[in-house]
Amino acid sequence: MYQPGILVRRKRVWKPWTVALITVALLLALAVLIGLLVYFLVYDEKTHYYQASFWIPSINYSSDLSKEQSKFRTGLKQKISNEIDVIFQRSSLKHHYVKSQVVNFRPSNDGVKADVLIKFQIPRKNAGTLKRQADNILQEKLQSSQSILKRDASLPYLREMNAAQAEHILNSDCGSGMEYPPIAR
Amino acid sequence: IADGKPADKASWPWQSSLQVEGIHLCGASLIGSQWLVTSAHCFDNYKNPKLWTVSFGRTLSSPLTTRKVESIIVHENYASHKHDDDIAVVKLSSPVLFSENLHRVCLPDATFQVLPKSKVFVTGWGALKANGPFPNSLQEVEIEIISNDVCNQVNVYGGAISSGMICAGFLTGKLDACEGDSGGPLVISDNRNKWYLLGIVSWGIDCGKENKPGIYTRVTHYRDWIKSKTSI
């Protein structure tokens with residue numbers, strides 16, 4: 001004879017330690033998620049490369065400036081890089097400025113023109129304003145200081161460059177390798 | 001490299017490996033985005049550029065990038081039965097993009113002078129000792145320039161060193177280039193930390209043997225030849 005089974009509804013009872021464990025795990029996951037979001041929004045930095053052109057009225061172009069290892073060329077390259085270092089290291093972009101490098105000298109009617117590559121690292125969230133900030137800083141400092149550098153009005157000021165191409169240019173100088181002799185400490 | 005040590009990342013970013021069927025046969029140095037300098041004797045057995053590939057990066061098993069070879073120009077006066085004029089330039093099928101870990105070494109002017117005892121480095125993936133194993137990771141060793149007069153002494157190389165060669169290592173032996181380092185760079189640093197290609201690994205008797213230091217092609221001697229072939 002068929003007897004219907006007795007259905008016993010079993011109530012699922014969570015043990016307190018399981019609840020605590022799940023809560024802790026959820027909170028941890030949430031913390032990691034928030035941490036990652038904060039990291040990517042605030043700290044994750046993107047490298048930006050800009051090309052700029054400067055006019056140096058106080059120097060006349062000489063063929064030495066086209067000779068890669070001439071003292072005149074290497075000396076002037078260093079002087080220009082140092083001036084740009086000073087400009088950005090004393091500005092609001094001091095924590096984001098990485099370096100600058102002269103990539104080319106060109107003759108001009110009244111002096112020399114120098115094409116310079118400038119590298120910045122800035123959190124992604126601030127990247128939108130970088131170009132305008134850098135542009136303003138250069139404009140302001142070059143007008144007010146005694147720098148040998150002047151704005152080259154014949155070209156758009158800061159032009160963004162593709163990263164691989166910029167790194168190619170930044171590493172186009174020969175012979176940089178191991179630092180030697182090691183600096184004594 | 002006999003008695004050397006593994007090189008750090010980006011220490012020698014011009015060093016490249018010349019390979020046939022994926023086997024490292026010789027070293028070379030990047031002097032322009034599309035040009036290498038190496039030894040002529042590397043091409044004694046395989047003259048066809050299509051057989052060769054070039055790998056860049058510190059380890060042979062995981063290169064940064066590779067290129068095919070478009071052409072090989074061996075010095076006109078080189079002959080495989082002698083050691084003179086052991087220099088060649090190699091044109092890559094396409095230029096490499098320079099980066100922190102891959103860029104060119106400086107070429108010294110023809111007038112560049114180097115004094116005996118100057119500290120120099122030689123690098124390569126050659127054997128770790130005579131008839132020894134070959135490493136996967138680039139090795140380096142610091143050695144000294146030895147004057148051609150000393151190297152030409154009877155108990156050393158007895159007059160075999162010509163003006164187009166430069167001698168480097170120690171008469172006491174041990175630290176030296178070795179088989180498979182051929183074509184690779186012997187470099188010197190100036191006071192601004194720029195490295196210049198002074199020599200090209202060419203020949204020697206055994207590796208690290210007493211009174212038998214390494215003999216390198218003297219790059220300054222061939223500076224005009226390099227310029228004539230590469231415009232660099």
Flag, side chain of [X] to backbone of [Y], donor-acceptor distance under 3.5 Å:
X	Y	answer
B:Arg104	A:Ser172	yes
A:His168	B:Leu97	no
B:Trp195	A:Met178	yes

Above 12 or not: heavy atoms from other molecules or residues under 6.0 Å from [atom1] of [X]?
X	atom1	value
B:Glu179	CD	no
B:Gln113	CD	no
A:Glu160	CD	yes
B:Lys209	NZ	no
B:Lys174	NZ	no

Side chain to side chain donor-acceptor pair (under 3.5 Å) between A:Ser176 and B:His103, intermediate numbers included: CA-CA 8 Å; A:Ser176 58; B:His103 51 257; 3.0 Å; yes

Which value, rounded to the nearest 0.5 Å, describes the distance between A:Cys174 atom SG and B:Leu30 atom CG? 11.0 Å

Between OG of B:Ser99 and CG of A:Leu170, what distance do you get to the nearest 0.5 Å? 11.0 Å

Side chain, backbone, both or neither: which part of B:Leu197 has an atom under 4.5 Å from a heavy atom of chain A? neither

Who among B:Val96, B:Val105, B:Ile31 has the most heavy-atom pairs with chain A under 4.5 Å?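 Most pairs with chain A among the choices: B:Val105.
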
